[in-house]
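In what follows, a single structure is set out as C-alpha coordinates and then discussed.
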Amino acid sequence: MLVKDRHMGAFEELTWRGLVQQTTSDNLAQLLATPTVIYTGFDPSASSLHAGTLVPLMTMAHLRRHGHQIIALVGGATGMIGDPSGKTSERKLLDAEEVGANTRQLAAQLATFFETGEGPPVRIVDNLDWLGKLSLVDFLRDVGKHFAVNQMMQRDSVRQRFETREAGISYTEFSYMLLQAYDFVELHRRFGCRLQCGASDQWGNIVSGVDLVRRLAGETVHGFTMPLLTNAEGKKYGKTEKGALFLDGKLTSPYAFYQFWLNTADADVGRFLRWFTLRAQPEIEALGAGAQQGSGDRVAQKALAADLTRQIHGEAELGRVLRAAESLFGGGDLRAVGGALLEEALSAAPSITVGRDRFEGEGALLVDLLVEVGACPSKSDARRQVAAGAIAVNGTPLASPSAELRLAPRDLIDDRLLILRRGKRNNYVVRVG
RNA sequence: GGAGGGAUUCCCGAGCGGUCAAAGGGAACAGACUGUAAAUCUGUCGCCACUGGCUUCGAAGGUUCGAAUCCUUCUCCCUCCA
(Lines give C-alpha, C1' and ligand atoms only; values in the text may rest on other atoms or scores of the structure.)
Protein backbone atom coordinates (compact mmCIF):
# COMPACT_ATOMS: atom_id res chain seq x y z
CA MET A 1 0.00 0.00 0.00
CA LEU A 2 2.88 2.27 0.66
CA VAL A 3 4.27 1.44 -2.72
CA LYS A 4 1.03 1.96 -4.58
CA ASP A 5 0.61 5.66 -3.99
CA ARG A 6 4.10 6.54 -5.14
CA HIS A 7 4.32 7.28 -8.79
CA MET A 8 8.04 6.50 -8.73
CA GLY A 9 9.64 3.21 -7.80
CA ALA A 10 12.05 3.20 -4.90
CA PHE A 11 15.15 2.96 -7.04
CA GLU A 12 13.86 5.43 -9.54
CA GLU A 13 13.25 7.87 -6.74
CA LEU A 14 16.72 7.42 -5.22
CA THR A 15 18.24 7.94 -8.62
CA TRP A 16 16.29 11.10 -9.18
CA ARG A 17 17.33 12.31 -5.75
CA GLY A 18 20.95 11.74 -6.68
CA LEU A 19 21.56 9.33 -3.84
CA VAL A 20 22.93 6.49 -5.94
CA GLN A 21 26.56 6.61 -6.90
CA GLN A 22 27.68 3.09 -7.74
CA THR A 23 25.74 -0.16 -7.82
CA THR A 24 26.83 -3.78 -7.90
CA SER A 25 24.04 -4.60 -10.31
CA ASP A 26 22.02 -2.96 -13.05
CA ASN A 27 18.92 -4.57 -11.67
CA LEU A 28 18.47 -2.78 -8.40
CA ALA A 29 15.21 -1.31 -9.64
CA GLN A 30 13.86 -4.81 -9.99
CA LEU A 31 15.15 -5.87 -6.59
CA LEU A 32 13.57 -2.84 -4.97
CA ALA A 33 10.23 -3.38 -6.68
CA THR A 34 9.29 -5.72 -3.83
CA PRO A 35 9.91 -5.18 -0.12
CA THR A 36 13.55 -5.91 0.61
CA VAL A 37 15.69 -6.05 3.71
CA ILE A 38 18.39 -3.36 3.47
CA TYR A 39 21.23 -2.47 5.78
CA THR A 40 23.70 0.32 6.27
CA GLY A 41 26.34 0.76 8.93
CA PHE A 42 27.33 3.59 11.25
CA ASP A 43 30.76 3.92 12.74
CA PRO A 44 30.93 4.72 16.46
CA SER A 45 34.09 6.79 16.19
CA ALA A 46 32.21 9.77 17.64
CA SER A 47 29.46 9.99 20.22
CA SER A 48 26.96 11.44 17.81
CA LEU A 49 25.83 11.17 14.23
CA HIS A 50 26.79 14.21 12.17
CA ALA A 51 25.95 16.03 8.97
CA GLY A 52 27.70 13.48 6.77
CA THR A 53 25.61 10.64 8.15
CA LEU A 54 22.46 12.42 7.07
CA VAL A 55 23.07 11.04 3.59
CA PRO A 56 22.69 7.38 4.59
CA LEU A 57 20.04 8.26 7.19
CA MET A 58 17.80 10.00 4.72
CA THR A 59 18.46 7.39 2.06
CA MET A 60 17.15 4.83 4.52
CA ALA A 61 14.17 7.03 5.28
CA HIS A 62 13.36 7.27 1.58
CA LEU A 63 13.66 3.52 1.12
CA ARG A 64 11.61 2.84 4.18
CA ARG A 65 8.75 4.90 2.81
CA HIS A 66 8.67 2.53 -0.11
CA GLY A 67 8.02 -0.31 2.29
CA HIS A 68 11.50 -1.70 2.67
CA GLN A 69 12.74 -3.16 5.92
CA ILE A 70 15.70 -1.16 7.16
CA ILE A 71 18.46 -2.42 9.40
CA ALA A 72 20.72 0.21 10.92
CA LEU A 73 23.91 -1.35 12.12
CA VAL A 74 26.15 0.24 14.70
CA GLY A 75 29.72 -0.94 14.49
CA GLY A 76 30.39 -1.78 18.11
CA ALA A 77 32.96 -4.34 17.03
CA THR A 78 34.28 -2.82 13.81
CA GLY A 79 34.64 0.49 15.64
CA MET A 80 37.27 -1.17 17.78
CA ILE A 81 39.28 -2.04 14.68
CA GLY A 82 39.04 1.09 12.56
CA ASP A 83 38.03 1.30 8.93
CA PRO A 84 40.95 2.30 6.72
CA SER A 85 38.57 3.51 3.98
CA GLY A 86 39.09 7.14 3.16
CA LYS A 87 41.80 7.50 5.78
CA THR A 88 45.31 8.36 4.79
CA SER A 89 46.93 7.18 7.96
CA GLU A 90 46.45 4.65 10.68
CA ARG A 91 43.82 5.61 13.18
CA LYS A 92 44.56 5.61 16.80
CA LEU A 93 42.49 3.00 18.49
CA LEU A 94 39.68 4.18 20.70
CA ASP A 95 39.54 2.35 23.96
CA ALA A 96 36.83 -0.22 24.38
CA GLU A 97 34.91 1.87 26.88
CA GLU A 98 34.70 4.79 24.54
CA VAL A 99 33.56 2.65 21.63
CA GLY A 100 30.98 1.07 23.88
CA ALA A 101 29.65 4.42 25.05
CA ASN A 102 29.57 5.78 21.50
CA THR A 103 27.82 2.68 20.28
CA ARG A 104 25.07 3.04 22.86
CA GLN A 105 24.59 6.70 22.04
CA LEU A 106 24.46 6.13 18.30
CA ALA A 107 21.98 3.29 18.75
CA ALA A 108 19.77 5.57 20.83
CA GLN A 109 20.06 8.33 18.26
CA LEU A 110 19.16 5.99 15.43
CA ALA A 111 16.18 4.72 17.38
CA THR A 112 14.95 8.26 17.86
CA PHE A 113 15.54 9.12 14.24
CA PHE A 114 13.49 6.18 12.99
CA GLU A 115 10.86 6.39 15.69
CA THR A 116 8.66 8.48 13.46
CA GLY A 117 8.22 8.31 9.72
CA GLU A 118 6.33 6.11 7.36
CA GLY A 119 7.21 2.52 6.69
CA PRO A 120 8.04 -0.67 8.53
CA PRO A 121 9.80 -0.44 11.88
CA VAL A 122 13.55 -0.16 11.69
CA ARG A 123 15.79 -2.73 13.30
CA ILE A 124 18.92 -1.52 15.06
CA VAL A 125 21.75 -3.99 15.54
CA ASP A 126 25.29 -3.97 16.90
CA ASN A 127 27.84 -6.14 15.16
CA LEU A 128 29.58 -6.80 18.45
CA ASP A 129 26.71 -9.25 19.02
CA TRP A 130 28.18 -11.67 16.52
CA LEU A 131 31.71 -10.50 15.83
CA GLY A 132 32.44 -10.45 19.54
CA LYS A 133 31.74 -14.14 19.82
CA LEU A 134 33.81 -15.31 16.90
CA SER A 135 36.86 -17.38 17.59
CA LEU A 136 39.92 -16.27 15.70
CA VAL A 137 40.71 -19.73 14.39
CA ASP A 138 37.18 -20.28 13.13
CA PHE A 139 37.11 -16.86 11.57
CA LEU A 140 40.35 -17.42 9.69
CA ARG A 141 39.15 -20.81 8.47
CA ASP A 142 35.62 -19.84 7.51
CA VAL A 143 35.99 -16.27 6.39
CA GLY A 144 39.66 -15.53 5.85
CA LYS A 145 40.01 -18.41 3.45
CA HIS A 146 37.73 -16.64 0.99
CA PHE A 147 39.84 -13.54 0.72
CA ALA A 148 42.84 -13.32 -1.56
CA VAL A 149 45.40 -10.94 -0.14
CA ASN A 150 46.30 -10.00 -3.70
CA GLN A 151 42.79 -8.71 -4.22
CA MET A 152 42.58 -7.01 -0.89
CA MET A 153 45.65 -5.05 -1.78
CA GLN A 154 43.98 -3.78 -4.91
CA ARG A 155 41.26 -2.08 -2.92
CA ASP A 156 41.56 1.68 -2.94
CA SER A 157 41.40 2.02 0.80
CA VAL A 158 44.31 -0.32 1.29
CA ARG A 159 46.38 0.42 -1.78
CA GLN A 160 46.71 4.06 -0.89
CA ARG A 161 48.26 3.06 2.39
CA PHE A 162 50.69 0.68 0.76
CA GLU A 163 51.88 3.33 -1.61
CA THR A 164 52.60 5.95 0.99
CA ARG A 165 55.48 4.56 2.89
CA GLU A 166 55.18 6.77 5.93
CA ALA A 167 51.54 5.99 6.56
CA GLY A 168 51.54 2.24 6.23
CA ILE A 169 48.72 0.08 7.45
CA SER A 170 48.58 -2.27 10.38
CA TYR A 171 47.43 -5.85 10.16
CA THR A 172 44.47 -4.78 12.27
CA GLU A 173 43.11 -2.26 9.83
CA PHE A 174 43.99 -4.47 6.90
CA SER A 175 41.56 -7.03 8.29
CA TYR A 176 38.74 -4.56 8.60
CA MET A 177 37.03 -5.41 5.35
CA LEU A 178 36.69 -9.05 6.36
CA LEU A 179 34.71 -8.03 9.38
CA GLN A 180 32.37 -5.79 7.46
CA ALA A 181 31.96 -8.44 4.80
CA TYR A 182 31.05 -10.90 7.49
CA ASP A 183 28.41 -8.50 8.82
CA PHE A 184 26.60 -8.79 5.53
CA VAL A 185 26.74 -12.58 5.75
CA GLU A 186 25.33 -12.50 9.26
CA LEU A 187 22.53 -10.07 8.42
CA HIS A 188 21.67 -12.11 5.38
CA ARG A 189 21.51 -15.25 7.46
CA ARG A 190 19.57 -13.75 10.35
CA PHE A 191 17.22 -11.38 8.58
CA GLY A 192 17.41 -12.18 4.90
CA CYS A 193 19.17 -8.90 4.18
CA ARG A 194 19.81 -8.55 0.45
CA LEU A 195 21.14 -5.03 0.00
CA GLN A 196 23.84 -3.00 1.68
CA CYS A 197 24.46 0.65 1.12
CA GLY A 198 27.08 3.03 2.34
CA ALA A 199 28.98 6.17 1.50
CA SER A 200 31.10 6.07 -1.62
CA ASP A 201 34.25 5.21 0.34
CA GLN A 202 32.52 2.01 1.43
CA TRP A 203 32.51 0.53 -2.04
CA GLY A 204 35.35 -1.88 -1.38
CA ASN A 205 33.81 -3.14 1.84
CA ILE A 206 30.42 -3.57 0.24
CA VAL A 207 31.76 -5.51 -2.71
CA SER A 208 33.66 -7.75 -0.30
CA GLY A 209 30.43 -8.44 1.53
CA VAL A 210 28.51 -9.23 -1.64
CA ASP A 211 31.28 -11.59 -2.60
CA LEU A 212 31.40 -13.32 0.72
CA VAL A 213 27.64 -13.90 0.84
CA ARG A 214 27.85 -15.54 -2.56
CA ARG A 215 30.66 -17.82 -1.42
CA LEU A 216 29.25 -18.73 1.96
CA ALA A 217 25.52 -18.75 1.26
CA GLY A 218 25.55 -19.22 -2.47
CA GLU A 219 23.21 -16.29 -2.94
CA THR A 220 23.50 -13.12 -4.93
CA VAL A 221 22.99 -10.00 -2.86
CA HIS A 222 23.62 -6.39 -3.81
CA GLY A 223 25.02 -3.10 -2.72
CA PHE A 224 25.16 0.50 -3.74
CA THR A 225 26.99 3.59 -2.58
CA MET A 226 25.78 7.08 -1.94
CA PRO A 227 27.63 10.31 -2.67
CA LEU A 228 29.63 12.01 0.04
CA LEU A 229 28.28 15.21 1.51
CA THR A 230 30.18 17.90 -0.35
CA ASN A 231 29.39 21.43 -1.39
CA ALA A 232 29.29 22.75 -4.94
CA GLU A 233 33.04 23.21 -4.87
CA GLY A 234 33.43 19.53 -4.15
CA LYS A 235 34.74 20.14 -0.68
CA LYS A 236 33.78 18.03 2.26
CA TYR A 237 30.86 19.71 3.93
CA GLY A 238 29.26 19.88 7.32
CA LYS A 239 31.80 21.70 9.40
CA THR A 240 31.04 24.56 11.71
CA GLU A 241 33.63 26.77 13.37
CA LYS A 242 33.44 24.44 16.30
CA GLY A 243 33.98 21.28 14.27
CA ALA A 244 31.50 18.83 12.87
CA LEU A 245 27.82 19.60 12.67
CA PHE A 246 26.41 17.03 15.06
CA LEU A 247 22.86 15.78 15.25
CA ASP A 248 23.06 15.67 19.02
CA GLY A 249 21.52 18.87 20.32
CA LYS A 250 23.96 18.98 23.18
CA LEU A 251 26.92 19.08 20.80
CA THR A 252 25.39 21.32 18.15
CA SER A 253 22.46 23.36 19.36
CA PRO A 254 19.25 23.14 17.33
CA TYR A 255 19.64 26.84 16.68
CA ALA A 256 23.12 26.37 15.19
CA PHE A 257 21.85 23.37 13.26
CA TYR A 258 19.00 25.35 11.71
CA GLN A 259 21.26 28.29 10.95
CA PHE A 260 23.78 26.03 9.26
CA TRP A 261 21.27 24.75 6.74
CA LEU A 262 19.64 28.12 6.35
CA ASN A 263 22.98 29.44 5.11
CA THR A 264 23.26 26.79 2.41
CA ALA A 265 24.57 28.21 -0.86
CA ASP A 266 22.12 28.50 -3.74
CA ALA A 267 24.25 26.15 -5.76
CA ASP A 268 23.80 23.41 -3.16
CA VAL A 269 20.27 23.84 -1.94
CA GLY A 270 18.52 21.94 -4.72
CA ARG A 271 20.69 18.89 -4.22
CA PHE A 272 20.28 18.99 -0.44
CA LEU A 273 16.51 19.31 -0.74
CA ARG A 274 16.47 16.16 -2.84
CA TRP A 275 18.70 14.31 -0.44
CA PHE A 276 17.42 15.47 2.89
CA THR A 277 13.72 16.22 2.58
CA LEU A 278 10.80 13.97 1.86
CA ARG A 279 9.17 16.57 -0.33
CA ALA A 280 7.92 15.50 -3.73
CA GLN A 281 9.68 16.12 -7.00
CA PRO A 282 7.59 19.02 -8.33
CA GLU A 283 7.91 20.95 -5.11
CA ILE A 284 11.64 20.43 -4.85
CA GLU A 285 12.13 21.41 -8.44
CA ALA A 286 10.16 24.59 -7.96
CA LEU A 287 12.13 25.50 -4.84
CA GLY A 288 15.44 24.71 -6.49
CA ALA A 289 14.56 26.75 -9.54
CA GLY A 290 13.73 29.73 -7.33
CA ALA A 291 17.14 29.55 -5.72
CA GLN A 292 18.88 29.22 -9.07
CA GLN A 293 17.27 32.40 -10.29
CA GLY A 294 18.46 34.16 -7.19
CA SER A 295 14.97 35.05 -6.10
CA GLY A 296 16.44 36.26 -2.86
CA ASP A 297 13.73 35.14 -0.49
CA ARG A 298 15.57 31.90 0.28
CA VAL A 299 12.40 29.87 0.46
CA ALA A 300 14.43 26.85 -0.55
CA GLN A 301 16.94 27.24 2.28
CA LYS A 302 14.17 27.85 4.77
CA ALA A 303 12.35 24.72 3.67
CA LEU A 304 15.53 22.67 3.90
CA ALA A 305 16.49 24.01 7.31
CA ALA A 306 12.98 23.60 8.69
CA ASP A 307 12.54 20.05 7.40
CA LEU A 308 15.89 18.91 8.73
CA THR A 309 15.49 20.60 12.09
CA ARG A 310 12.03 19.08 12.50
CA GLN A 311 13.33 15.68 11.50
CA ILE A 312 16.26 15.74 13.91
CA HIS A 313 15.07 17.87 16.80
CA GLY A 314 11.30 17.77 16.52
CA GLU A 315 8.52 20.24 15.89
CA ALA A 316 8.70 21.99 19.25
CA GLU A 317 12.41 22.65 18.93
CA LEU A 318 11.93 23.96 15.40
CA GLY A 319 9.37 26.44 16.71
CA ARG A 320 11.82 27.74 19.30
CA VAL A 321 14.57 28.03 16.75
CA LEU A 322 12.35 30.01 14.41
CA ARG A 323 11.28 32.41 17.14
CA ALA A 324 14.90 32.85 18.14
CA ALA A 325 15.96 33.64 14.60
CA GLU A 326 13.13 36.09 14.23
CA SER A 327 13.99 38.01 17.36
CA LEU A 328 17.69 38.11 16.61
CA PHE A 329 17.51 38.97 12.95
CA GLY A 330 14.33 40.99 13.05
CA GLY A 331 16.42 44.06 13.76
CA GLY A 332 15.56 46.71 16.23
CA ASP A 333 16.05 46.95 19.94
CA LEU A 334 16.23 43.62 21.69
CA ARG A 335 14.93 45.18 24.87
CA ALA A 336 11.50 44.99 23.30
CA VAL A 337 11.82 41.24 22.92
CA GLY A 338 12.30 40.56 26.59
CA GLY A 339 14.84 38.63 28.56
CA ALA A 340 13.05 35.29 28.71
CA LEU A 341 12.80 34.67 24.97
CA LEU A 342 16.28 36.03 24.43
CA GLU A 343 17.80 33.67 26.96
CA GLU A 344 16.10 30.80 25.22
CA ALA A 345 17.08 31.96 21.74
CA LEU A 346 20.66 32.47 22.77
CA SER A 347 21.00 29.39 24.91
CA ALA A 348 23.78 28.21 22.62
CA ALA A 349 25.55 31.55 22.35
CA PRO A 350 28.73 32.07 24.34
CA SER A 351 27.95 33.73 27.63
CA ILE A 352 29.52 34.93 30.83
CA THR A 353 28.17 36.03 34.16
CA VAL A 354 29.58 39.13 35.77
CA GLY A 355 28.94 40.93 39.04
CA ARG A 356 26.41 43.71 39.18
CA ASP A 357 28.98 46.01 40.71
CA ARG A 358 30.76 46.13 37.37
CA PHE A 359 27.98 48.28 36.03
CA GLU A 360 27.69 50.55 39.02
CA GLY A 361 29.72 53.71 39.37
CA GLU A 362 31.36 54.73 36.13
CA GLY A 363 30.13 51.58 34.41
CA ALA A 364 31.64 48.55 32.68
CA LEU A 365 33.99 49.16 29.80
CA LEU A 366 32.45 47.70 26.63
CA VAL A 367 35.84 46.71 25.29
CA ASP A 368 36.55 44.63 28.38
CA LEU A 369 33.22 42.83 28.14
CA LEU A 370 33.81 42.00 24.47
CA VAL A 371 37.07 40.30 25.34
CA GLU A 372 35.69 38.52 28.38
CA VAL A 373 32.72 37.08 26.56
CA GLY A 374 34.96 35.90 23.74
CA ALA A 375 33.66 38.19 21.01
CA CYS A 376 37.16 39.53 20.42
CA PRO A 377 40.53 37.92 21.03
CA SER A 378 42.17 41.02 22.47
CA LYS A 379 41.34 44.51 23.55
CA SER A 380 43.18 45.87 20.56
CA ASP A 381 40.87 43.90 18.35
CA ALA A 382 37.85 44.93 20.39
CA ARG A 383 38.75 48.59 19.92
CA ARG A 384 39.06 48.09 16.20
CA GLN A 385 35.74 46.29 15.96
CA VAL A 386 34.03 49.03 17.92
CA ALA A 387 35.64 51.72 15.79
CA ALA A 388 34.60 49.85 12.64
CA GLY A 389 30.99 49.89 13.80
CA ALA A 390 30.86 46.11 13.98
CA ILE A 391 29.51 45.98 17.51
CA ALA A 392 25.87 46.23 18.46
CA VAL A 393 24.60 46.38 22.02
CA ASN A 394 21.17 44.87 22.58
CA GLY A 395 20.56 44.76 18.87
CA THR A 396 21.28 48.43 18.35
CA PRO A 397 24.44 49.47 16.55
CA LEU A 398 26.41 52.04 18.53
CA ALA A 399 25.40 55.56 17.73
CA SER A 400 28.82 56.97 18.43
CA PRO A 401 31.42 54.23 18.23
CA SER A 402 33.83 54.95 21.01
CA ALA A 403 36.25 52.46 22.46
CA GLU A 404 35.79 54.16 25.79
CA LEU A 405 32.08 53.45 25.93
CA ARG A 406 30.92 52.29 29.31
CA LEU A 407 27.69 50.47 30.12
CA ALA A 408 25.48 51.31 33.06
CA PRO A 409 22.67 49.36 34.77
CA ARG A 410 20.09 51.05 32.57
CA ASP A 411 21.60 49.29 29.54
CA LEU A 412 20.60 45.91 30.91
CA ILE A 413 17.60 44.05 29.53
CA ASP A 414 15.21 43.18 32.33
CA ASP A 415 17.95 44.47 34.59
CA ARG A 416 20.00 41.32 34.16
CA LEU A 417 21.01 40.72 30.55
CA LEU A 418 23.20 42.33 27.96
CA ILE A 419 23.37 41.09 24.37
CA LEU A 420 26.53 41.95 22.46
CA ARG A 421 26.78 41.27 18.77
CA ARG A 422 29.79 41.32 16.49
CA GLY A 423 28.96 41.55 12.84
CA LYS A 424 25.61 40.35 11.66
CA ARG A 425 25.15 37.13 13.48
CA ASN A 426 27.64 36.52 16.26
CA ASN A 427 25.77 36.96 19.49
CA TYR A 428 27.16 36.94 23.00
CA VAL A 429 25.36 37.07 26.28
CA VAL A 430 26.47 38.86 29.41
CA ARG A 431 24.42 37.88 32.44
CA VAL A 432 24.46 39.92 35.57
CA GLY A 433 24.33 37.87 38.68
C1' G B 1 81.88 11.90 4.83
C1' G B 2 82.11 16.47 1.34
C1' A B 3 79.60 21.09 -0.91
C1' G B 4 75.83 24.39 -0.80
C1' G B 5 70.69 26.53 0.33
C1' G B 6 67.13 27.63 3.96
C1' A B 7 64.26 28.64 8.89
C1' U B 8 60.24 35.79 8.75
C1' U B 9 54.07 37.72 12.02
C1' C B 10 47.71 31.95 10.95
C1' C B 11 49.69 29.92 5.80
C1' C B 12 52.68 31.13 1.35
C1' G B 13 56.31 34.63 0.68
C1' A B 14 59.44 39.55 0.17
C1' G B 15 63.01 42.18 3.09
C1' C B 16 69.23 41.50 3.69
C1' G B 17 72.40 47.53 9.02
C1' G B 18 68.50 52.72 10.27
C1' U B 19 62.61 55.45 6.94
C1' C B 20 60.42 47.57 9.68
C1' A B 21 55.27 45.67 13.64
C1' A B 22 58.10 44.14 8.71
C1' A B 23 56.00 44.39 0.98
C1' G B 24 52.65 41.14 -1.76
C1' G B 25 49.16 37.08 -1.91
C1' G B 26 45.91 33.64 0.71
C1' A B 27 42.99 32.72 4.99
C1' A B 28 40.27 35.24 8.71
C1' C B 29 37.27 39.34 10.75
C1' A B 30 34.36 43.71 9.87
C1' G B 31 31.82 47.53 6.61
C1' A B 32 29.06 48.53 1.88
C1' C B 33 25.87 45.93 -1.56
C1' U B 34 22.47 41.80 -0.81
C1' G B 35 18.92 37.39 0.77
C1' U B 36 21.63 36.00 7.88
C1' A B 37 23.97 33.86 0.16
C1' A B 38 27.76 34.08 -3.76
C1' A B 39 30.60 37.55 -6.36
C1' U B 40 32.53 42.46 -5.90
C1' C B 41 34.46 46.82 -3.53
C1' U B 42 36.51 48.97 1.15
C1' G B 43 38.85 48.55 5.81
C1' U B 44 41.34 45.70 9.63
C1' C B 45 44.49 41.86 10.61
C1' G B 46 51.29 41.25 17.46
C1' C B 47 50.00 43.22 22.40
C1' C B 48 48.87 47.12 25.89
C1' A B 49 48.05 51.80 30.21
C1' C B 50 46.51 53.29 22.08
C1' U B 51 48.15 60.85 19.33
C1' G B 52 52.25 56.97 23.24
C1' G B 53 54.57 52.45 24.86
C1' C B 54 56.02 47.24 24.73
C1' U B 55 57.35 42.37 22.64
C1' U B 56 58.33 39.73 17.67
C1' C B 57 61.57 37.73 12.22
C1' G B 58 64.34 29.02 14.46
C1' A B 59 67.43 29.25 19.70
C1' A B 60 71.40 31.38 22.51
C1' G B 61 75.29 34.70 22.59
C1' G B 62 78.19 38.77 20.15
C1' U B 63 79.49 43.29 16.90
C1' U B 64 77.10 48.25 16.49
C1' C B 65 74.68 54.57 18.55
C1' G B 66 71.22 51.16 15.99
C1' A B 67 70.17 44.18 13.68
C1' A B 68 64.86 40.41 10.72
C1' U B 69 69.27 42.11 8.18
C1' C B 70 76.54 41.30 10.09
C1' C B 71 79.55 37.47 13.22
C1' U B 72 79.75 32.81 16.46
C1' U B 73 77.61 28.44 18.34
C1' C B 74 73.41 25.30 18.49
C1' U B 75 68.68 22.98 16.62
C1' C B 76 65.80 21.59 12.53
C1' C B 77 64.76 21.28 7.11
C1' C B 78 66.16 20.83 1.90
C1' U B 79 69.43 20.11 -2.55
C1' C B 80 73.83 18.21 -4.86
C1' C B 81 78.38 15.02 -4.67
C1' A B 82 80.20 10.45 -2.27
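Naming convention: chains lettered A, B, ... in sequence-line order (proteins, then strands); numbering from 1 in each chain.
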Ignoring the backbone of A/Ala390, work out which of B/C47, B/U36, B/A30 is nearest its side chain.
B/A30
Partner nucleotide of B/C70 by Watson-Crick or wobble geometry (both distances under 3.5 Å)
B/G62
With a 3.5 angstrom cut-off on both distances, give the Watson-Crick or G-U wobble partner of B/C20, or none if there isn't one.
none
Determine the contact category for A/Arg384: base if any of its heavy atoms lies under 4.0 Å from a base atom, sugar-phosphate if only primed atoms, P, OP1 or OP2 are that close, otherwise nothing.
sugar-phosphate
Is there a donor in the side chain of A/Arg298 and an acceptor in the side chain of A/Thr264, or the other way round, less than 3.5 Å apart?
no
Taking only the side-chain nitrogens and oxygens of A/Asn426, find out if one of them lies under 4.0 Å from OP1 or OP2 of B/A30.
yes
Using a 4.0 Å heavy-atom cut-off, does A/Ser378 contact any base of the nucleic acid, only the sugar-phosphate backbone, or nothing at all?
sugar-phosphate
Whom does B/U75 pair with, Watson-Crick or G-U wobble, provided both distances fall under 3.5 Å?
B/A7
Using the C1' atom as the point on both nucleotides, what is the distance between B/U51 and B/U34, in whole Å?
38 Å
Using distance alone, with no hydrogens and no angle criterion, decide if A/Gln109 and A/Gln105 have a side-chain donor and acceptor under 3.5 Å apart.
no
A/Phe174 vs A/Tyr171 aromatic rings, parallel, tilted or perpendicular, using cut-offs 30° and 60°?
tilted
If we take the P atom in both B/G6 and B/C71, what is their distance in whole Å?
12 Å
May I have the distance from A/Leu420 (atom CG) to B/A30 (atom P), rounded to whole angstrom?
15 Å
Using atom P in both nucleotides, what's the gap between B/G31 and B/U36 to the nearest angstrom?
13 Å
To the nearest 0.5 angstrom, please state how far the CG atom of A/Leu420 sits from the SG atom of A/Cys376.
9.5 Å
Quantified in whole Å, what is the C1' atom distance between nucleotide B/C48 and nucleotide B/G66?
25 Å
Quick check: any donor-acceptor pair below 3.5 Å linking the side-chain of A/Lys302 to the base of B/U36?
no
Are there more than 12 heavy atoms of other residues, nucleotides or ligands under 6.0 Å from atom CD of A/Gln21?
yes
Roughly how many Å is it from CG in A/Leu370 to P in B/U44, rounded to a whole number?
20 Å
Start at the 5' end of RNA chain B and walk down; is the nucleotide closest to A/Asp368 or to A/Gly423 reached first?
A/Gly423
Answer with base, sugar-phosphate or nothing: what part of the nucleic acid does A/Arg383 contact at a heavy-atom distance below 4.0 Å?
base
Side-chain N,O (A/Lys379) to OP1/OP2 (B/A49) below 4.0 Å:
yes
Does the B/U44 base have a donor-acceptor partner in the side chain of A/Gln385 within less than 3.5 Å?
no
pair_partner(B/G35), Watson-Crick or wobble, both distances < 3.5 Å, evaluates to none
If you measure from the C1' atom in B/G18 to the same atom in B/A67, how many Å do you get, rounded?
9 Å
Toward the 5' end of RNA chain B, which comes first, A/Val371 or A/Ile391, by nearest nucleotide?
A/Ile391
Nearest-Å distance for atom pair CD/P, residues A/Glu404 and B/C48:
14 Å
Using OP1 and OP2 only, check whether a side-chain N or O of A/Arg421 sits under 4.0 Å from B/U36.
no
B/U44 pairs with, by Watson-Crick or G-U criteria that keep both distances under 3.5 Å:
B/A28
May I ask you to check whether A/Asp266 and A/Gln301 show a side-chain donor-acceptor distance below 3.5 Å?
yes
